[in-house]
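One structure is given here, and the rest of the page talks about it.
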Protein chains: 2
Amino acid sequence: MAVNIYDVAKLSGVSIATVSRVVNGSTKVSEKTRRKVLDVMEQCGYTPNVFARGLGLDSMKTIGILCPDISDAFIAQAVAFLEERLHQYEYDCILGCSGYDLEAKETHTKMLLSKRIDALILVSSTYAGRERHPEDVEYIKEAAKQTPVFLINGFVEGKNIYCSFCDDFKATYDVTSGFIRRGKKKILFLCDSYSYSASKKMAGYEAALRDAGYPIRGELKFYTKNRIHHVRDMLLSHKNLEFDSVVATDDGLAIGALKYANVKGLKVPDDIEIAGYNNSQLSVGCEPELTSVDNHLEKMCNDTVDYMLRVLQGDTDVPPQNEVVCEIKKRCTTDF
Amino acid sequence: MAVNIYDVAKLSGVSIATVSRVVNGSTKVSEKTRRKVLDVMEQCGYTPNVFARGLGLDSMKTIGILCPDISDAFIAQAVAFLEERLHQYEYDCILGCSGYDLEAKETHTKMLLSKRIDALILVSSTYAGRERHPEDVEYIKEAAKQTPVFLINGFVEGKNIYCSFCDDFKATYDVTSGFIRRGKKKILFLCDSYSYSASKKMAGYEAALRDAGYPIRGELKFYTKNRIHHVRDMLLSHKNLEFDSVVATDDGLAIGALKYANVKGLKVPDDIEIAGYNNSQLSVGCEPELTSVDNHLEKMCNDTVDYMLRVLQGDTDVPPQNEVVCEIKKRCTTDF
DNA sequence: GTGAAAGCGCTAACAA
DNA sequence: TTGTTAGCGCTTTCAC
């Protein structure tokens, strides 16, 4: 069996209290004793038992990260940023992938909480639930009673809940307004969920139309699965559908529209202009490369970790909301 | 503070041992007592303290997953498969992202081990180290003394180490042979690492050339960073380089070559044929869509979890190596 | 500056 | 079927 604190104490000729002090960097240890203990620890490769320590401190320096699907490029990128930062501060990450259904979100959250995580980070606006459906986020408020909860790219109001999100409304408003300015008349809106962020994007799209005196036409708003070929085929199947530009809430959807344009023989951006979202490799892997909204995910993630550290240190002045600005990466437009 | 086993025992009018039995589903409890205890637990929202349990059992049902970079599509997909399966068996995942440098791999591994994980899963062939550099994998063998180690898409020989990988040699051999059969003369090889799997891919490429009586030309083998524009620019910068087909070890590299072809005005696949690897969304998002090797990642992951469960149950007959066959997804070739 | 000892909440061996 | 009790390895208070 592994060597424990008693072994080290015995070999060093001190008590376990002193060993504990050395391990935890207490100043109340003479330099000589500290050296001796450190030596012994080195010698026998002592590693403190995290379970025992957890029992005493009620913490294992572990953060729960819950996401719907880690194979999603945007989410994976977020988790990468989070893990890097958390690791710097010696926190470990327990990762859960819940999918998009409420029940699974709830059970995953429970499972993470049962591990006595120090904080819970929810990645993706899907956790913000649907508008006017408070029951969608009940489990989050419940979780927040036990541990601070941090939401990335979403907003839930509540005690001990902290949210970082980006200005999706403005980004989509700007993209849509750009289309209008360039003379586009029939602007398609493509989205793949009814999440908090999708709502903001749609609101931005509609506001731009409204401000330009355009009608908001329901048949130009599509909800569809985020799979390239699926989007293409869905668009092709609507024979009478006409549009001269596309505002997509994800690059995958935009690529689907691009595929549609290819099949129809439409030139991008002259015949049809397409904008994506999330600024992923996909928007750069196609031809022509697509304009895409960069929502500064890294900043959202870093801010979140910073806030988390402050909350865990007892700081009571941490802002419950944090908005990051988006940036439109222009790659393909008729504008000059 | 939270309610503990003593509270439940008191409220139920039984001993903590009985409560423990109920919690752990022991059969040696009368139906009446069990009901009573369950009721009380429900009533006061009792959750066993995992740290205390961990201390006693020396396990928290937690699996360490280490990967170089979760924002890599292939790796993220692997982690998604792993997490799903592990969650089914009520294991939690601690995720670490180590990057590609040896030292960081070592410290990350140590950190995971210090959490007393039940098993360690290494995702990516980068952990298999370089050929003829046993020091690259010393820390893995060391880790395997403490906990079973599972490697995905790589191979390391050693006690308590179990590896799943795919037949990269054959896949690349077949892709290359296809090019040769279709009359390609100058086949470029593009890779982004010196990993175990990259070696196998290069070996397959070279074997195909050799078997066809072609020379193996060093100037046709490129090691480059896996960024689309970087690959394109790198290829463009080699003014005198000539090639009529590309074998890439990742879709990102293949897309880079595709961008190069676009700039040069070369038609794909007629003027130049390009094959990618990993069958990602990238290979489908471009135009034309690229042929790509599907290495059946899901099977590798599922097999790994199955083996892990068996090892943890004390099964001594678990195969130390597991090879999965690859499949070439033909999307773009002059072949008929 | 150091040590003794009381928990932390649970599991499991042993008694009853 | 149920209860008693001795750990599991560490942190921390209180003496010295």
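Within every chain, numbering begins at 1; the chains are lettered A, B, ... in the order of the sequence lines, protein sequences first and strands thereafter. In this text, all values refer to a predicted model and were calculated from it rather than measured experimentally.
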Rounding to a whole Å, what distance do you find between [X]:[atom1] and [N]:[atom2]?
| X | N | atom1 | atom2 | result |
| --- | --- | --- | --- | --- |
| A/Y6 | C/dG3 | OH | C1' | 13 Å |
| B/L55 | D/dG9 | CG | P | 7 Å |
| A/L57 | D/dG9 | CG | P | 17 Å |
| B/F51 | D/dT11 | CZ | P | 13 Å |
| A/M41 | D/dG9 | CE | P | 17 Å |
| B/I5 | C/dG7 | CD1 | C1' | 16 Å |
| B/N24 | C/dA13 | CG | C1' | 15 Å |
| A/I16 | C/dG1 | CD1 | P | 20 Å |

- Message: So if I take the C1' atoms of five pairs at each end of the helix from C/dG1-D/dC16 to C/dA16-D/dT1 and get each local axis, what angle do the two axes make, rounded to 10 degrees?
- Response: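 It works out to 30° between the end axes.
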- Query: Any idea how A/F165 and A/Y196 line up, ring-wise: parallel (<30°), tilted (30 to 60°), or perpendicular (>60°)?
  - Reply: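 Because their plane-to-plane angle is over 60°, the rings of A/F165 and A/Y196 count as perpendicular.
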- Item | By ring-ring contact (aromatic ring centres under 6.0 Å, His included) - contacts of A/F150 (at least two apart) |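 A/F150: ring-ring contact (aromatic ring centres under 6.0 Å, His included) contacts with A/Y162.
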- Across the strands shown, which category fits B/V23 at heavy-atom distances under 4.0 angstrom: base, sugar-phosphate, nothing?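 Nothing: the residue B/V23, judged by heavy atoms under 4.0 Å, touches no strand.
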- Message: By the 4.0 Å heavy-atom rule, please label B/V50 as base, sugar-phosphate, or nothing.
- Response: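 Nothing, no heavy atom under 4.0 Å.
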So does [X] get a side-chain nitrogen or oxygen closer than 4.0 Å to the phosphate oxygens (OP1/OP2) of [N]?
| X | N | value |
| --- | --- | --- |
| B/T18 | D/dG3 | yes |
| A/T33 | C/dG1 | no |
| B/S30 | D/dT1 | no |
| B/S15 | D/dT2 | no |
| A/N49 | D/dC8 | no |

Which heavy-atom pair separates [X] from [Y] by the least distance, and what is that distance?
| X | Y | value |
| --- | --- | --- |
| B/P148 | B/L312 | CG-CD2, 4.0 Å |
| B/C67 | B/I75 | CB-CG2, 3.5 Å |
| B/L102 | B/E135 | CD2-O, 4.2 Å |

- Item | Closest to the A/N4 side chain, choosing from C/dG3, C/dC10, D/dG9 |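 The listed nucleotide nearest to A/N4's side chain is D/dG9.
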- Message: Can you tell me which nucleotide in D/dT11, D/dC10, D/dT2 comes closest to the side chain of A/Y46?
- Response: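 Nearest nucleotide to the side chain: D/dC10.
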- Item | Reported CG-to-CD1 distance for the pair A/L82 and A/I65, which is rounded to 0.5 angstrom |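 Answer rounded to 0.5 Å: 5.0 Å.
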- Salt-bridge criterion met for A/D306 and A/R85 (N-O under 4.0 Å):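 Between A/R85 and A/D306 there is a salt bridge, with a charged N closer than 4.0 Å to a carboxylate O.
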- Task: Mark yes or no: B/K110 above the aromatic ring of B/Y139, with NZ or CZ under 6.0 Å from the six-membered ring centre and no more than 45 degrees from the axis.
- Result: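 The answer is no, since B/K110 fails at least one limit relative to B/Y139.
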- Query: Toward the 5' end of DNA chain C, which comes first, B/R21 or A/R21, by nearest nucleotide?
  - Reply: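 Looking at the nearest nucleotide for each, A/R21 comes out on the 5' side.
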